[in-house]
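By convention in this document, chain letters (A, B, ...) are assigned in the order of the sequence lines, proteins followed by strands, and residues within each chain are numbered from 1.
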2 protein chains.
Amino acid sequence: MPEATTTRPARVTLRHVAERVGLTPAAVSMALSGSSRISEKTKVAVREAAAELGYVPSSAGRALRRQQSGAIALIVPNTTHHVFGHLYFMHVLTGVASVANGQDAQLLVSTNADEADGITAYERVLRSRSADGAIVTSAAIGDPNVERLTTSGLPVVLIGRFPEFPEAPSVWIDDVASSRAITEHLLQVHGRRRLVHVTGPLDHQTAVDRREGFLAAVRAAGIEHDCLMVEGDFSEQSGTDAADAIRDWHADGVVFANDDMAFGGMLALRVAGVDIPGQVSVVGFDDFGLARSTTPGITTVHVPAESIAETAAHLLFALISGGVAPVAPTPEPELRIRESCGCRPAPS
Amino acid sequence: MPEATTTRPARVTLRHVAERVGLTPAAVSMALSGSSRISEKTKVAVREAAAELGYVPSSAGRALRRQQSGAIALIVPNTTHHVFGHLYFMHVLTGVASVANGQDAQLLVSTNADEADGITAYERVLRSRSADGAIVTSAAIGDPNVERLTTSGLPVVLIGRFPEFPEAPSVWIDDVASSRAITEHLLQVHGRRRLVHVTGPLDHQTAVDRREGFLAAVRAAGIEHDCLMVEGDFSEQSGTDAADAIRDWHADGVVFANDDMAFGGMLALRVAGVDIPGQVSVVGFDDFGLARSTTPGITTVHVPAESIAETAAHLLFALISGGVAPVAPTPEPELRIRESCGCRPAPS
DNA sequence: GCGTAATGGTTAATCGATTAAGCACTCAAT
DNA sequence: ATTGAGTGCTTAATCGATTAACCATTACGC
């Protein structure tokens, strides 16, 4: 039984196209890449045949020959701390994906911290050259993997501030200044004096910096000995857990290190009969979406995660191709004033 | 100047390991894969050398030889309709990633709808064999790309119902039954009689099915000629836009086809002075996170996106390795009763 | 008419891992 | 002693794309 003439093989390679037009694979390759050594007539014939057969170059073959995969990886080392599956990650993914699309690069998402032979799965992504470079986000302070990746000589861009690695290409916002600014909002605009700060997990630089900003503000106001620090972990639950301490201490203002905790805290305070913002002004941090959907809306610091991610991606592509890492500008902090601090009346 | 003896080449290949132990690359490959034709002593030596040099197999070399990439792709054809960058996607990503990790597979995320040579970027992912299979989510009805992918012979699993392709492996929930159930909640528990349904974009099967479920419920109640249909597009804005029509029509219950629209609608109704749930009962659909953060919390249908995604991923791996597609069970609809329908008093 | 350029390809090598087939060499059984 | 089976590796081919080096033609200048 003869093959149907329209049968196209499951995998169309250069050779199939070459046979179709009566050339060698080499010629077809050159034709498709627009080499000047191939006649215009042949190029047209090759392009037609390729289109008819549905030829798409094998990424493996090409990667092997070119010594680069055409993909970048987005790595999240820290799956334990509610990071992956968080709104933050969505924004980062959106930003990175849009830049990757613009560069015709594939995007690999890697979150697996399993170790085999002492190498984590996401380090393996780089060492196996599945990706030409990586963006690492949400890493903890002192994470040995971060050091390994940044010193491996492979193109890696960090999202977040890593004082331990001042040389490592990284993109961050000024958490200290932002946190200070929003704390000062409570102090200066609303005249709050008994402040609580609910921190994030202090093994993350972001949490440390936001605490630092808070402290700078209260120090400047001369009330640094009269405020309460509660350690949270960025989870809504830890915000809820902080509510008792906040009430017992008779706070009139709370700076949560992120919106999730602010939300959890607000709910718990409300259940306990505390009026927000009447009795207690509440502010958060991040503005990834939650803060505007609650009632009252949470006054917060807008973290432009998507644009940070875009910057990181551009930086990564620059590293991959050029080697020179342009310095990324740090965006200015931007407060989003809503109702939880007492600025506007809640709608209703 | 002599090279430092500890210098390890940037890219360690089989040959480097082979030279180190005085063998051929072939022997090293066999040793690392545990072949019985290699002596135990040699295997130990090889493993040691590989670990010392930090050898990780080249994914390109391996992919070329094995004719599979060891990666799967998560494809979102539809970037226009607020899909990527949505909470839904986060859940899907989490589910797929966890299964992929379990299978030691890389995860490619592809959202680029750009066409070149009549092939979209995400079809290219499959045809270039960058991925061994794909999960497609959020595709529109009649999207030609879906047909192309499902009939291409490549392993593809769809998330969502596609009546046009009854043979295509797919995973979905029963939107019709779920939507009917939540509509009946308004009718039976709350005695609502003047219902509005705000649909999603009707080029998506999900939106069509949810409308169908709504209609089934009102039909069963004998009030199908006395309800209002408003076409939305799943966006918060379109929910907001529906508010005027809802009020003008003097509705006492609204079934929004998703939570985003319900949120937008609730805000707008509240601004217009409508009491929810006092005057109007509101319900949504999805429960991806937003519904529980609002005040009042939105009564909704819980869509187990993460577990759907996991099922889809398992199905995909079965297709890739076995070829047999196990039929996936359809999860039962689950209502999440909150305050927006009038069931519980809002906390305050 | 003859060297010199173009023109338009082909040949062969390469990227790294894998595996079938082959080849020494040892040991045991007939 | 001689075949037979193991044992433990090496050789060589392969996956697909790319590119440097090479080889035929034809065209052209003087």
Side-chain angles (χ1 to χ4, degrees), chain A residues 8-47 49-50 53-71 104 124 126-132, chain B residues 8-47 49-50 53-71 104 124 126-132:
Chain A
R8 80 159 54 158
R11 346 202 107 176
V12 182
T13 72
L14 265 189
R15 209 174 47 231
H16 297 110
V17 181
E19 276 163 14
R20 177 94 162 210
V21 291
L23 289 174
T24 58
V28 172
S29 173
M30 296 167 85
L32 289 175
S33 70
S35 160
S36 65
R37 306 186 62 82
I38 302 292
S39 75
E40 208 48 52
K41 211 185 84 191
T42 306
K43 282 185 192 167
V44 171
V46 166
R47 277 196 288 263
L53 294 173
Y55 169 71
V56 175
S58 147
S59 63
R62 180 173 276 181
L64 187 54
R65 176 62 218 232
R66 290 204 183 148
Q67 294 290 300
Q68 50 172 320
S69 67
D104 275 314
R124 193 175 297 271
L126 280 185
R127 301 198 72 82
S128 71
R129 279 145 288 153
S130 294
D132 301 327
Chain B
R8 76 159 61 155
R11 348 202 106 178
V12 181
T13 70
L14 266 188
R15 210 176 46 233
H16 297 112
V17 181
E19 276 163 14
R20 177 92 163 211
V21 291
L23 289 174
T24 58
V28 173
S29 173
M30 296 167 85
L32 288 175
S33 69
S35 160
S36 64
R37 306 186 60 85
I38 302 290
S39 76
E40 209 47 53
K41 210 184 87 192
T42 306
K43 283 184 191 169
V44 170
V46 166
R47 277 196 288 263
L53 293 174
Y55 170 70
V56 175
S58 148
S59 62
R62 179 173 278 182
L64 187 55
R65 175 66 219 228
R66 290 204 183 148
Q67 294 289 299
Q68 49 171 323
S69 68
D104 274 314
R124 193 175 297 273
L126 281 185
R127 301 198 71 84
S128 70
R129 280 145 287 153
S130 294
D132 300 328

| request: Spell out, as yes or no, whether a donor-acceptor pair under 3.5 Å connects the side chain of Ser59(B) to the backbone of Ser128(A). | output: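 Here the side-chain-to-backbone pair exists.
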
| query | Does Arg11(B) use its side chain to pair, donor to acceptor, with the backbone of Gln67(A) at less than 3.5 Å? | reply |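 At least one qualifying donor-acceptor pair exists.
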
| said: I'd like to know whether Tyr55(A) forms a side-chain contact (heavy atoms from CB on, under 4.5 Å) with Leu32(A), so could you lay out the CA-CA distance, the side-chain angles of the two residues, the decisive distance to 0.1 Å, and finally the verdict. | reply: CA-CA 11 Å; Tyr55(A) 169 71; Leu32(A) 289 175; 3.7 Å; yes

| With a 4.5 Å heavy-atom cut-off, do Lys43(B) and Val46(B) have their side chains touching? |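 SC-SC contact between Lys43(B) and Val46(B) ruled out.
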
| said: For Ala60(B) versus Leu64(A), what's the shortest heavy-atom pair and its separation? | reply: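 Scanning both residues, the minimum pair turns out to be CB-N, 3.7 Å.
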
| request: Mind checking Thr42(A) for me? I need base, sugar-phosphate or nothing, with any heavy atom below 4.0 Å counting as a touch. | output: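 Sugar-phosphate contact only.
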
Pick out the pairs of N or O atoms, protein on one side and nucleotides 19-22 of chain D on the other, that lie under 3.5 Å.
residue : atom : partner  : partner atom : Å
dT19(D) : O4'  : Arg65(A) : NH2          : 3.4

| query | Could you go step by step and tell me if Arg129(A) and Ser69(A) meet the side-chain contact (heavy atoms from CB on, under 4.5 Å) rule? | reply | CA-CA 7 Å; Arg129(A) 279 145 288 153; Ser69(A) 67; 5.7 Å; no

| Run the side chain to side chain donor-acceptor pair (under 3.5 Å) check on Ser33(A) and Ser35(A) step by step: do they pass? | CA-CA 6 Å; Ser33(A) 70; Ser35(A) 160; 5.7 Å; no

| Could you state the interatomic distance from OG1 (Thr13(A)) to CG (Leu53(A)), rounded to the nearest 0.5 Å? |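 The CG atom of Leu53(A) is 9.5 Å from OG1 of Thr13(A), to the nearest 0.5 Å.
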
| query | Going 5' to 3' on DNA chain C, which nucleotide is the first and which the last to come under 4.0 Å of a heavy atom in chain A? | reply |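 Boundary nucleotides touching chain A, in 5' to 3' order, are dG8(C) to dG16(C).
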
| task | Return the value, rounded to whole Å, for the distance between atom NZ of Lys41(B) and atom C1' of dC9(D). | result |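 One finds 13 Å between C1' of dC9(D) and NZ of Lys41(B), rounded.
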
